[in-house]
Asker: 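To start, I am sharing the structure in question, which I have written as structure tokens.
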Amino acid sequence: MSSQTTDDQTPAAAAKLVLSKGDRRRLEKEERRAREAARAKQVRGLRRFFAQVKADRKATLTRPGATGWNRRGGGPTGHIERPYELQGTTVQLCGYWPFIAGSGAELVGAPLGKDLRRESLVCADPISWFVGELIRNPSAFVLGQPGLGKSSLVKRMVAVLMDWGIIPMALSDARPDYVDLFRACDGQVIEFAPGRSHINPMDVSVFAAALAGVKDEKAREEGLNDLRTQQLSLMSGLVAMFARRSLDPHETTVLAHTIRSMDPDLTDPVLIPDMIAHIRSRPASLRNLTLTHEDTNAYDARVQGLLDALIAMGPDGQYKDLFSKPTTAHIIPGKPVVFDVSAVGENDGVLMAAVQSLCWNLGTITVATEKIVTKDQGLPQKHYLLIMDELWKVLRTSEQMVYFVDSLTRLNRGRGIGQIMITHTMNDLKLPSQAMTDIAWGFVNRSEMVFLGGLAPDEMGNLENVFALSETEKSWLTEWTDDSGRVTGSEKRPHTGKFILKTGKRPGLPFKVHQVHAEIAVTNTNSAWEQGTATTDDESGDLV
């Protein structure tokens, strides 16, 4: 046999020509085994594939799979066709896809309800949108007339965020609206009212004890200094409220020196009766600070106004021992907390302002202290959500609360705190002076997320100063306040729970909140009217 190959012969064929007969048989046998092994491998792969398909179909008998339920009408399929993709301008593609309206909001945040136009799910809350970089500041503002579901909207966000690890703090619940929700979620409820509890405004011992365990000496000293500063600032503000005037410089000095000398380490809280007795004893240090030295009569005259305010706060004053005994309950760090101040008389502006100042300061001190402690221990920082419902009450108690809320709205992002402010209308933010009004309107301007419920037509002018409202959005807001066209036997209040979500000057997202049955018991703000009346239909899912 010739060993030469022709041009059309392959290398393998050429190799066989030069092999012996036995070698050719061995080579053919190896090739046959390779083909059989490849076919066997392919069969095993197909068997595994079909076994997996069978297992998946069996699993979908009790739960839906990626392609639907494995039952009649369930829509199971073994193949999902890839959608056909096109890219071009609206004019070019309108024949392929005529639905040129924009899509809904991203599914980020607490599920709130259905889009009124698309019936799609609407998800939103200030913290989730901030973390998802949809907004630049973790803040939200809720506006709407009474009874249209503002509190229920906020409680939905609070309940979901609480489950996601965010710690809510309702630091001045005046109605109260949040007590039932926080109790149901195993939160802390602290009640402040004359004859029911006590709160020592100078007691920061719990926070000082927490800072004492911080290993970083610099961080510990900075935390204690900030704690002392906030303690003195709070007490000066409270005394000024009861004096109904600003304190003179020497009065502030006497107050600060007395607190520092009686509680140098922040571990032994001073009580107001003890402070009054100390100032009345005319110690040499206070006489030197007031520049009266040996003239006791001059000293008494210099501290008389300060003593008058302290006596009004003390056990002989109008509020008895509310501020004159050790604090009844301290905030538990890391636990949801609500301050129930509903028993404080709404007409007593001084007491309401004092209690609110105390509650807000205690909340901010708690957050600041825990931030230092968790950082020192290498623990993840906890995030808080402040709820400011009935904001108009807070702002009208005193100018101090206006400035206090203003500082919160500016600094919370750096502290890891989100906030939700709720009030009825923009007119609630019109305060006695134009300067105070401008500060209050700034709260709305700095809120990246605004929920607008039903509002009166005369509010549209106020809103246009902040948002770019379309005529359609204006008609929605005014229509949602009118229930006159309701058909008998239909939904109780068809527009309850309807809001427009505005972010900046972009078009708003209209939606309606839908409650689940478990929420109804803790969101009913009309419970005071249901005692002795017929029971309501709790299965309706309507907002209250």
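Computed from heavy atoms alone, side chains included, the values below leave out hydrogens, waters and symmetry copies.
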Asker: Just how far is it from atom CG of L386 to atom CD1 of I420, taken to the nearest 0.5 Å?
Answerer: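 L386 atom CG to I420 atom CD1 measures 9.5 Å (nearest 0.5 Å).
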
Asker: How about E133: does its CD atom have over 12 heavy atoms from other parts shown lying under 6.0 Å from it?
Answerer: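 Incorrect, the count does not exceed 12.
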
Asker: Applying salt bridge (charged side-chain N to carboxylate O under 4.0 Å, His left out), can you list everything that pairs with K114, at least two apart in sequence or on another chain?
Answerer: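 K114: salt bridge (charged side-chain N to carboxylate O under 4.0 Å, His left out) contacts with E119.
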
Asker: Report, as yes or no, whether the 6.0 Å neighbourhood of atom CZ on R136 holds more than 12 heavy atoms from other residues, nucleotides or ligands.
Answerer: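 Result for CZ/R136: open.
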
Asker: Would the F141 and F451 ring centres measure less than 6.0 Å apart?
Answerer: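 No, the ring of F141 stays outside the 6.0 Å limit from the ring of F451, centre to centre.
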
Asker: Which atom names give the shortest non-hydrogen contact between F499 and L148, and what distance separates them?
Answerer: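 Where F499 meets L148 most closely, the heavy atoms are CZ-O, 3.9 Å.
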
Asker: Just do the side chain to side chain contact (heavy atoms under 4.5 Å, CB included) check on L385 and Q419 with the steps written out, would you?
Answerer: CA-CA 5 Å; L385 176 66; Q419 66 208 13; 5.5 Å; no

Asker: Tell me the closest heavy-atom pair linking S433 and M436, and the distance in Å.
Answerer: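 For S433 versus M436, the nearest heavy atoms are OG-CG, 3.0 Å.
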
Asker: At their closest point, which heavy atom of V341 faces which heavy atom of C359, and how far apart are they?
Answerer: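 The answer is CG1-SG, 4.2 Å.
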
Asker: Please report the shortest heavy-atom distance between P201 and M313, naming the atom on each side.
Answerer: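 Minimum heavy-atom separation between P201 and M313: CG-CE, 4.4 Å.
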
Asker: Is there a donor in the side chain of Q230 and an acceptor in the side chain of D226, or the other way round, less than 3.5 Å apart?
Answerer: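 Distance-only check fails for Q230 and D226.
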
Asker: State, to 0.1 Å, how close I332 and Q188 come at their nearest heavy-atom pair, and which atoms those are.
Answerer: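 Looks like N-OE1, 2.9 Å.
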
Asker: If you measure from CE on M169 to CG on D173, what distance do you get to the nearest 0.5 Å?
Answerer: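 Result: 13.5 Å between the selected atoms.
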
Asker: Quick one: do I422 and I387 satisfy side chain to side chain contact (heavy atoms under 4.5 Å, CB included)? Show the steps, please.
Answerer: CA-CA 8 Å; I422 309 108; I387 306 155; 4.0 Å; yes

Asker: Do any N or O atoms from the side chain of D125 and from the backbone of I127 form a donor-acceptor pair under 3.5 angstrom?
Answerer: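 Yes.
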
Asker: At what distance, to the nearest 0.5 angstrom, does NE2 of H514 lie from CZ of R156?
Answerer: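 H514 NE2 to R156 CZ: 9.5 Å, rounded to 0.5 Å.
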
Asker: F511 ring centre to K498 NZ or CZ under 6.0 Å, with the angle to the axis within 45°?
Answerer: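 Because its charged atom misses either the 6.0 Å distance or the 45° angle limit, K498 does not stack over F511.
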
Asker: Should we say atom NZ of K375 is surrounded by more than 12 heavy atoms from elsewhere, each under 6.0 Å from it?
Answerer: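 Incorrect, the count does not exceed 12.
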
Asker: Crowded around R244 CZ? As in, over 12 foreign heavy atoms under 6.0 Å?
Answerer: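 Counting neighbours around CZ of R244, 12 or fewer heavy atoms of other residues, nucleotides or ligands fall under 6.0 Å, so no.
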
Asker: Please identify each residue that fulfils ring pair (Phe, Tyr, Trp, His ring centres under 6.0 Å) with Y319, with sequence neighbours left out.
Answerer: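 Applying ring pair (Phe, Tyr, Trp, His ring centres under 6.0 Å) to Y319 gives F242.
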
Asker: Any side-chain donor paired with an acceptor under 3.5 Å for D389 and S151?
Answerer: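 Their side chains do contain a donor-acceptor pair, which is all the 3.5 Å distance test asks for.
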
Asker: Tell me, with the steps shown, if I190 and V338 meet side chain to side chain contact (heavy atoms under 4.5 Å, CB included).
Answerer: CA-CA 6 Å; I190 300 177; V338 54; over 6 Å; no

Asker: What heavy-atom pair brings T369 and A210 nearest, and what distance separates the two atoms?
Answerer: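 For T369 and A210, the tightest heavy-atom pair comes out as CG2-CB, 4.1 Å.
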
Asker: Any luck finding a side-chain donor-acceptor pair between S172 and Q356 under 3.5 Å?
Answerer: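 Per modelled atom types, S172 and Q356 side chains form a pair under 3.5 Å.
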
Asker: Please check: side-chain N/O of W480 versus main-chain N/O of T496, any donor-acceptor pairing under 3.5 Å?
Answerer: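 Not confirmed, W480 side chain does not pair with T496 backbone.
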
Asker: Using side chain to side chain contact (heavy atoms under 4.5 Å, CB included), reason through T328 and I199 one step at a time and then give a plain yes or no.
Answerer: CA-CA 6 Å; T328 304; I199 176 171; over 6 Å; no

